[in-house]
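Every chain is numbered from 1 and lettered A, B, ... according to where its sequence line falls, protein lines coming before strand lines.
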Amino acid sequence: MPGCSSSPPLTSSGPHISTYYGRVSAPPLRVRIAPSPTGYVHLGTARTALFNLLFARQRGGSLVLRLDDTDLERNRPEYEAAVYEGLHWLNLSWDEGPDLGGARGPYRQSERLDTYKQAAAQLLEAKSAYRCYCTREELQAERKVAERQKVPYRYSRRCLQDPPADYRSRDFTVRLQVPDIGFTSFSDLIRGEVQFENALLGDPVIVKSNGYPTYNFASPVDDALMEVTHILRGDEHLSNTPIQLLVADALGRPRPQAFAHLPVITGKDRKKLSKRLHPETRLSYFQQRGYLPEAMLNYLALLGWNPGTEQEVFSLAELTGVFDLSRVQHAAAMFDWEKLDWLNGHYIRSLSDAELAQRLRAYLPNLSETVVRQAAPALKDRLARLGQAEELLGYLTQPPARTELTADQERMVAKAASALSELNDWTPASIELALEAVRQAHEWSRGRFFSPIRWCVAGKVSPPLHHTLALLGKEEALRRLRGVPA
RNA sequence: GGCCCCGUCGUCUAGUGGACUAGGACGCUGCCCUCUCAAGGCAGAGAUCAGGGGUUCGAAUCCCCUCGGGGCUACCA
């Protein structure tokens, strides 16, 4: 087919090959996200979820939400709600999960313990895994020795060759016996061929002494059983991949069709986002500060991916149309508050007044719905985050500090007050008309006339003066103009 | 230390051997608009393409080395 060569594939060859064979017997594309219920949604998890969703939607596949809750120390059932809440806030959805059910459940790893137990038993039976009775102290000692000898640490396999005599009375873990020759390699949709030397891997623990599986065991077991075909996850998992592949192999399960390791998101210090070091790690932090979910989603898409065009603003639907894994960046991306602020401001400005007022209400709990609705138009161009509204409107409840006025300025304020006191219709438009009349009658410039009024009524900075006054209400506005203490 | 990944303006990035005097966006600076602050408009500064060697008529783009950053190296995920 020489004619076909005129359009070279723009994406890497992996998916094309599978699509081609897919015509014969199309295995449905299935991807998954696997957050741990730790009480908050990690920003990286949110982006991984986005990319997975886009990938699945583009190819008519499905997205599975699985809860990786095998860490008894950190995971709590009640934290599950935070996962749903965060993801839903971003308007992200999935097709199967603990909340939705599905044919490949259960979707909480804590409910799949029997499955892992069986899988471990199978590996033990096949001699591709063995029990390890070493205590943490013994292992620690081994590690120390390796360190002292400046040789890379791997478990000694003591329990494989020579288990302790008192093993019956000891707790044990289960370790995968990794082949000590050969390489484990796989092709990554973003990074290409990646190879690891088995001999350097060491025998990883796959079942903890409390009977729970480790991540590197539960994950490949579930991915196989849940028939996950493509794994898109953070780059920090790249080094875990060979172990998971080896687990699938040992179990006699097919490996996933493809992996794609997404570049990590870093903080200003170039380090992976962590709860302790970076407030931006928690998705909910953005919600609290007044970032719009659609702006968040847009920004997240741009962190590590770009459309190849000059477009910066994308809706979720648009992203679904143009997203392309082959355009995902290889290098880590540093989180940038300033660009997010710009994007968020852009989205705020694109809201209708009514919509903005609606979204503002949660951030202005002390103001009436009416006031919030009146304030929306004046606030629109002044907000990078909804959370800033409270400060901008602070003058409503907190009168400004008294400023010293010149005699001239006092006269202007008095004129304004008396003109305003005649007004029956207390709206920005009529206030503006009244002030303009005074100003023109005396031939004062706006700057000269408005500044002292603003100082008396709101302070140094405030929305356009007629809005500032309108929001205050006639009575309070006049009180402040006349300098009467409340 | 070992293994793996990565390296274009401060940041996110375009770029896949010649159209690159390296483009865009955020931020920054200046001007315009203007009642403050914003928003908006216009203009501008900002990158020896990490460094050094090759390959080639020609390299940000291909190869090698070095340096730098990150990830993993847990009975966390």
Taking the [atom1] atom in each of [N] and [M], what is the distance between them to the nearest angstrom?
{"N": "B:rC37", "M": "B:rG7", "atom1": "C1'", "value": "41 Å"}
{"N": "B:rC20", "M": "B:rA47", "atom1": "C1'", "value": "12 Å"}
{"N": "B:rC28", "M": "B:rA39", "atom1": "P", "value": "9 Å"}
{"N": "B:rA43", "M": "B:rC26", "atom1": "P", "value": "14 Å"}
{"N": "B:rG69", "M": "B:rU8", "atom1": "C1'", "value": "16 Å"}
{"N": "B:rA25", "M": "B:rC67", "atom1": "C1'", "value": "30 Å"}
{"N": "B:rG51", "M": "B:rG68", "atom1": "P", "value": "15 Å"}
{"N": "B:rG40", "M": "B:rA14", "atom1": "C1'", "value": "26 Å"}

Assign [X] to base, sugar-phosphate, or nothing according to its heavy-atom contacts below 4.0 angstrom with the strands shown.
{"X": "A:G304", "answer": "sugar-phosphate"}
{"X": "A:H237", "answer": "base"}
{"X": "A:R66", "answer": "nothing"}
{"X": "A:L465", "answer": "base"}
{"X": "A:V207", "answer": "nothing"}
{"X": "A:K272", "answer": "sugar-phosphate"}
{"X": "A:T173", "answer": "base"}
{"X": "A:S36", "answer": "sugar-phosphate"}
{"X": "A:P463", "answer": "base"}
{"X": "A:Q329", "answer": "sugar-phosphate"}
{"X": "A:R74", "answer": "base"}

Can you tell which of [options] lies closest to the side chain of [X]?
{"X": "A:P464", "options": "B:rA14, B:rU36, B:rG2", "result": "B:rU36"}
{"X": "A:E312", "options": "B:rG24, B:rC6, B:rG71", "result": "B:rG24"}
{"X": "A:K339", "options": "B:rA14, B:rA25, B:rC35", "result": "B:rA25"}
{"X": "A:D235", "options": "B:rC5, B:rC76, B:rG27", "result": "B:rC5"}
{"X": "A:E310", "options": "B:rG1, B:rC26, B:rG23", "result": "B:rG23"}
{"X": "A:S209", "options": "B:rC5, B:rC75, B:rC12", "result": "B:rC75"}

In Watson-Crick or G-U wobble terms, both distances under 3.5 Å, what is the partner of [N]?
{"N": "B:rG46", "result": "none"}
{"N": "B:rU61", "result": "none"}
{"N": "B:rA19", "result": "none"}
{"N": "B:rG7", "result": "B:rC67"}
{"N": "B:rG40", "result": "B:rC32"}

Tell me whether the side-chain N or O atoms of [X] pair up with the base of [N] as donor and acceptor below 3.5 Å, since no angle test is needed here.
{"X": "A:S239", "N": "B:rC4", "answer": "no"}
{"X": "A:N240", "N": "B:rA77", "answer": "yes"}
{"X": "A:R382", "N": "B:rC37", "answer": "yes"}

Checklist entry - With ring centroids as reference points, do A:F183 and A:F196 lie under 6.0 angstrom apart? => result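 Distance test on ring centres: not under 6.0 Å, no.
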Item to check | Aromatic centroids of A:H237 and A:Y215 separated by under 6.0 Å | outcome: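 Yes; A:H237 has its ring centre under 6.0 Å from that of A:Y215.
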It should be established whether [X] places a side-chain nitrogen or oxygen under 4.0 Å from OP1 or OP2 of nucleotide [N].
{"X": "A:N210", "N": "B:rC75", "answer": "no"}
{"X": "A:R143", "N": "B:rA74", "answer": "yes"}
{"X": "A:K208", "N": "B:rC76", "answer": "yes"}
{"X": "A:T70", "N": "B:rA77", "answer": "yes"}
{"X": "A:Q195", "N": "B:rC3", "answer": "no"}
{"X": "A:R154", "N": "B:rG2", "answer": "no"}
{"X": "A:K271", "N": "B:rG70", "answer": "yes"}

Measure from NZ or CZ of [X] to the centre of the six-membered ring of [Y] and say whether it is under 6.0 Å with the direction within 45° of the ring axis.
{"X": "A:R282", "Y": "A:Y40", "answer": "yes"}
{"X": "A:R131", "Y": "A:F172", "answer": "yes"}
{"X": "A:R47", "Y": "A:F51", "answer": "yes"}
{"X": "A:R175", "Y": "A:Y155", "answer": "yes"}

Would you kindly give the [atom1]-to-[atom2] distance between [X] and [N], to the nearest whole Å?
{"X": "A:N198", "N": "B:rC72", "atom1": "CG", "atom2": "P", "result": "21 Å"}
{"X": "A:L238", "N": "B:rA77", "atom1": "CG", "atom2": "P", "result": "19 Å"}
{"X": "A:E73", "N": "B:rC76", "atom1": "CD", "atom2": "C1'", "result": "10 Å"}
{"X": "A:E236", "N": "B:rC3", "atom1": "CD", "atom2": "C1'", "result": "17 Å"}
{"X": "A:N306", "N": "B:rA14", "atom1": "CG", "atom2": "C1'", "result": "7 Å"}

Checklist entry - Taking atom types as modelled, is there a side-chain donor on A:N306 or A:R327 under 3.5 Å from an acceptor on the other? => result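 Looking only at side-chain atoms, A:R327 and A:N306 do form a donor-acceptor pair, the distance falling under 3.5 Å.
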Next on the checklist: With a 6.0 Å cut-off (strictly less than), is the heavy-atom count around CD of A:E404, excluding the residue itself, greater than 12?
Outcome noted: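 No, not enclosed.
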Checklist entry - Taking for each residue the nucleotide of RNA chain B with the nearest heavy atom, is it A:A333 or A:C134 whose nucleotide lies nearer the 5' end? => result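 Final value for this comparison: A:A333.
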Next on the checklist: Assuming nearest nucleotide by heavy-atom distance, tell me which of A:R191 and A:P263 is located more 5' along RNA chain B.
Outcome noted: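 The residue closer to the strand's 5' end, by nearest nucleotide, is A:R191.
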Next on the checklist: Quick test of your reading: applying side-chain hydrogen bond (donor to acceptor under 3.5 Å, both in side chains), list the pairs with at least one residue in residues 343-355 of chain A, sequence neighbours left out, ordered by first then second residue.
Outcome noted: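 Those involving residues 343-355 of chain A are A:N298-A:Y347, A:D353-A:K380, A:E355-A:R359.
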Checklist entry - Considering residues at least two apart in sequence or located in another chain, which fulfil the ring pair (Phe, Tyr, Trp, His ring centres under 6.0 Å) criterion with A:F335? => result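 Applying ring pair (Phe, Tyr, Trp, His ring centres under 6.0 Å) to A:F335 gives A:F286, A:Y299, A:W337.
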Next on the checklist: Set out, in order, the CA-CA distance, both residues' side-chain angles and the distance that settles side chain to side chain contact (heavy atoms under 4.5 Å, CB included) for A:R148 and A:K144, then state yes or no.
Outcome noted: CA-CA 6 Å; A:R148 222 173 294 129; A:K144 281 243 173 66; 4.0 Å; yes
Next on the checklist: If you take any heavy atom closer than 4.0 Å to RNA chain B, which residues from residues 447-454 of chain A end up in contact?
Outcome noted: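 Correct list: A:G447, A:F450, A:R454.
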Item to check | Residues A:S462, A:H467; criterion side-chain hydrogen bond (donor to acceptor under 3.5 Å, both in side chains); working and verdict | outcome: CA-CA 9 Å; A:S462 81; A:H467 277 105; over 6 Å; no
